[in-house]
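Notes follow the structure.
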Amino acid sequence: MEKLEKIKGEVDSIIYRNDENGFAVIMLACDDELITVVGELGNVEEGEELVCTGELTVHKKFGEQFKCSLCERSLPKTKSAIQRYLASGVISGIGTVLAKRIVAKFGDESLEVIESDPERLVEIEGITIKKAKKMSAEFKQTFAVRSLMIYLSSFDIPVSIGVRAWKRWGDSAESMIKTNPYVMCRYGVELPFIKADTIARNIGIEQTAKCRIEAGIDCVLKQNASTGHTCLPLDRLEETTCKFLGINHAQFDEVLNEQLEEENLFKYYKKNRPFIMLRDYYKAEDYISRRLEIMSAVAFDNRIDFSAVIDIAEEENNITYEDKQRQAINLALSKGFLILTGGPGTGKTTTLNAIISLYEQQGMQVMIAAPTGRAAKRISDLTGYDAKTIHRLLEVKHVDNDVLSFVHDENNMLDCDVTIIDEMSMVDSCLFEALLRALSVNCKLVLVGDTDQLPSVGAGNVLKDIIDSGVMPVVTLTEIFRQAKESAIVTNAHKIVKGEHIDLTEKDRDFFFFQRQDFHDIQDLVVDLCKRRLPDAFGYSPFDNIQVLSPARKGPSGTVELNRILQNTLNPAAKGKSEIKTPLYTYRKGDKVMQTKNDYEIVWKKSDGENTENGTGVFNGDIGVITNVNKILQTVTIDFEGRVANYSLPMLDNLELAYAVTVHKSQGSEFDAVILTLFGGYDKLYYRNLLYTAVTRAKRLLIIIGTKTRVEYMIDNNRRTRRYTCLKNMLMESGNDDKEQDL
């Protein structure tokens with residue numbers, strides 16, 4: 001990055017401003033010249049004085065622009081600047097004429113009079129006492145926004161954080177932050193703890209302050225939740241937090257006990273070992289356990305044998321189901337409460353199609369959903385039945401008071417008799433709770449998934465916990481059908497799960513291995529396969545059919561570096577092709593991109609020429625293509641398989657190039673051709689079910705590039721991703737309670 005510079009000036013005019021995220025394009029009067037400034041400037045107004053820190057860039061079309069990374073603001077001080085500021089419309093009711101009269105009367109004290117002594121404004125023709133008080137109240141509110149932004153900028157806090165804080169707490173935001181800066185670490189604002197800690201030190205909050213310890217405990221729990229844990233053992237939490245905050249155990253215990261008493265945190269015992277949970281995860285897992293217990297009791301009452309119905313279906317469809325398929329279909333129809341699992345080629349889709357068809361023959365309303373858009377599209381293509389994402393099925397309503405809510409919940413349940421969830425291994429605890437709240441206890445529930453794949457990105461290990469608890473009947477399909485046996489992808493996937501080494505020398509089917517021991521060779525081969533060899537041999541497109549996967553983000557064969565190389569090869573910079581830069585990537589029209597975080601408020605539009613559908617929400621793992629880049633407004637338009645959304649510059653923080661993605665991010669998707677790079681990096685990233693997940697993403701062709709040693713290491717390393725959760729124990733505890741009551 002170029003050396004940062006500072007420029008100081010007065011806002012001459014505002015070309016563009018987005019009040020939602022604080023991004024703006026302005027003309028700043030600096031001495032005798034006007035400079036175009038772009039960046040997160042907040043709700044600036046004409047006449048304000050700014051000190052901007054950033055770098056001077058040159059745009060091919062629009063010339064010099066100052067890209068601002070930090071904006072320090074102050075209200076105008078001179079009469080001319082104050083007049084322009086008031087005339088800009090910052091206070092309703094004050095236009096050009098009235099602004100001129102106010103400044104003519106009160107000069108450079110005009111803003112002070114409006115704020116502190118509004119009764120004096122009645123001295124000006126056209127202003128009543130009622131209007132003066134209204135002006136003063138509006139100015140105070142506007143000034144509070146600016147004051148908050150100025151205060152936060154002194155600690156190098158981005159404007160976007162200030163915008164979130166203001167939306168969350170309004171006029172009281174600054175006073176709240178000055179009293180307890182750690183409030184900004186909460187959901188909805190999400191300032192990193194270290195940043196809040198910096199503010200706290202500067203304003204004299206002690207290291208042992210209760211608010212700091214509370215925030216520190218939350219921080220440790222949230223950081224672990226981001227890696228999948230819904231809880232932590234108390235001893236581990238205590239040790240980590242005390243070291244992190246530099247406090248002693250007595251200070252930790254005092255605050256923790258208060259938090260438990262106030263039910264901000266919860267304690268749960270597993271085998272006499274205490275675990276601590278954040279409120280959301282305790283409520284989610286507790287609700288899931290209680291709800292599944294009730295649904296299990298309802299399902300247990302129905303013991304009808306549907307063998308004759310299955311016989312008729314076999315005859316009508318000219319198909320013979322194997323024993324476990326028949327068992328699964330029978331359980332789905334009789335109990336309506338089932339987990340169906342199995343690896344590739346074992347007939348899960350055939351079984352599911354039979355279940356859906358027989359449900360519909362009984363006049364039942366069936367809804368099918370999956371955790372991601374790509375997973376929903378995949379199951380829809382395989383079954384021929386309409387499928388939605390779980391979020392779209394429940395209909396995201398809004399995010400309020402840090403809580404995501406849906407249109408459908410216990411007060412407005414889904415109108416269906418059967419709900420089928422595919423790729424259940426990807427569903428986290430909080431999302432599954434929301435789904436169960438929207439289902440009646442009589443609704444039949446079929447969960448389909450593969451526990452040998454990676455667990456959900458969000459916290460929890462729901463599918464495995466339910467299976468291990470024994471609360472739901474489980475049918476695991478194991479027989480590989482003849483047609484599937486012809487695929488080396490399928491047969492090798494099953495060998496990997498069993499811990500068997502695979503033959504990497506075969507190159508006559510759909511599974512290929514290229515031994516490469518130098519990262520330059522790996523990179524060159526990946527590029528050649530994407531650009532020339534696979535398109536020439538199979539007609540595959542690197543945008544539509546080919547997906548490069550890697551276990552890691554970092555390193556020479558990680559996704560960041562591979563994306564850079566593939567972008568420069570497949571979609572290079574060119575004259576007339578717009579692009580926009582972020583700290584990590586440069587985005588161009590035509591780039592393949594992926595959303596990396598759920599954003600429930602992004603507005604999208606889908607049109608097929610005749611019908612137009614509007615909606616909100618783009619979710620973690622959604623892949624799209626950039627269709628337009630607007631350099632002036634600093635916006636990007638992305639087509640997510642028909643859903644078109646506009647992204648401002650700050651929103652690009654939750655986006656990354658997707659020519660190459662991590663195996664974790666590929667979960668739930670299927671691609672015609674997968675190129676998997678296995679080279680170097682941390683051993684902890686290379687384990688069996690990650691390899692299995694990567695292999696099963698390939699539909700027609702899989703190419704592994706790396707070393708035989710690394711592949712065999714992954715097969716031998718059966719270290720599953722361990723997650724601390726309480727759901728299994730809660731489910732088993734509920735079951736034991738029932739047994740005790742029956743006795």
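The existence of a salt bridge linking Arg84 and Glu45 is excluded, since no basic side-chain nitrogen approaches an acidic carboxylate oxygen closer than 4.0 Å. The pair Lys105-Glu123 meets the salt-bridge criterion, with a side-chain N (NZ, NE, NH1 or NH2) lying under 4.0 Å from an Asp/Glu carboxylate O.
Trp604 contributes a side-chain N or O that, together with a main-chain N or O of Gly617, makes up a donor-acceptor pair within less than 3.5 Å.
The aromatic rings of Phe406 and His391 lie tilted to each other, with the angle between the two planes from 30° to 60°.
Inspection of the Gln595 and Tyr647 side chains reveals an N or O donor paired with an N or O acceptor under 3.5 Å. Checked by atom type, the side-chain pair Ser607/Glu613 shows no donor-acceptor distance below 3.5 Å.
Around the CD atom of Glu125, the shell of radius 6.0 Å holds no more than 12 heavy atoms that belong to other residues, nucleotides or ligands. Taking a 6.0 Å sphere around CZ of Arg588, one finds it holds more than 12 heavy atoms contributed by other residues, nucleotides or ligands. Open room surrounds CG on Asp31; 12 or fewer heavy atoms of other groups in view lie less than 6.0 Å from it. Sparse packing is recorded around NZ of Lys589, with 12 or fewer heavy atoms of other residues, nucleotides or ligands lying under 6.0 Å away.
No cation-pi contact links Lys195 to Phe155, judged by a cut-off of 6.0 Å to the six-membered ring centre and 45° from its axis.
Among the candidates Val37, Leu28, Ile26, the single residue satisfying the side chain to side chain contact (heavy atoms under 4.5 Å, CB included) test with Val44 is Ile26.
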request  = Dump the intermediate steps for side chain to side chain contact (heavy atoms under 4.5 Å, CB included) on Ile82 and Leu111, then the final yes or no.
outcome  = CA-CA 8 Å; Ile82 292 171; Leu111 298 182; 4.0 Å; yes
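Checked against the 6.0 Å centroid threshold, Phe266 and Tyr281 do not count as a close aromatic pair.
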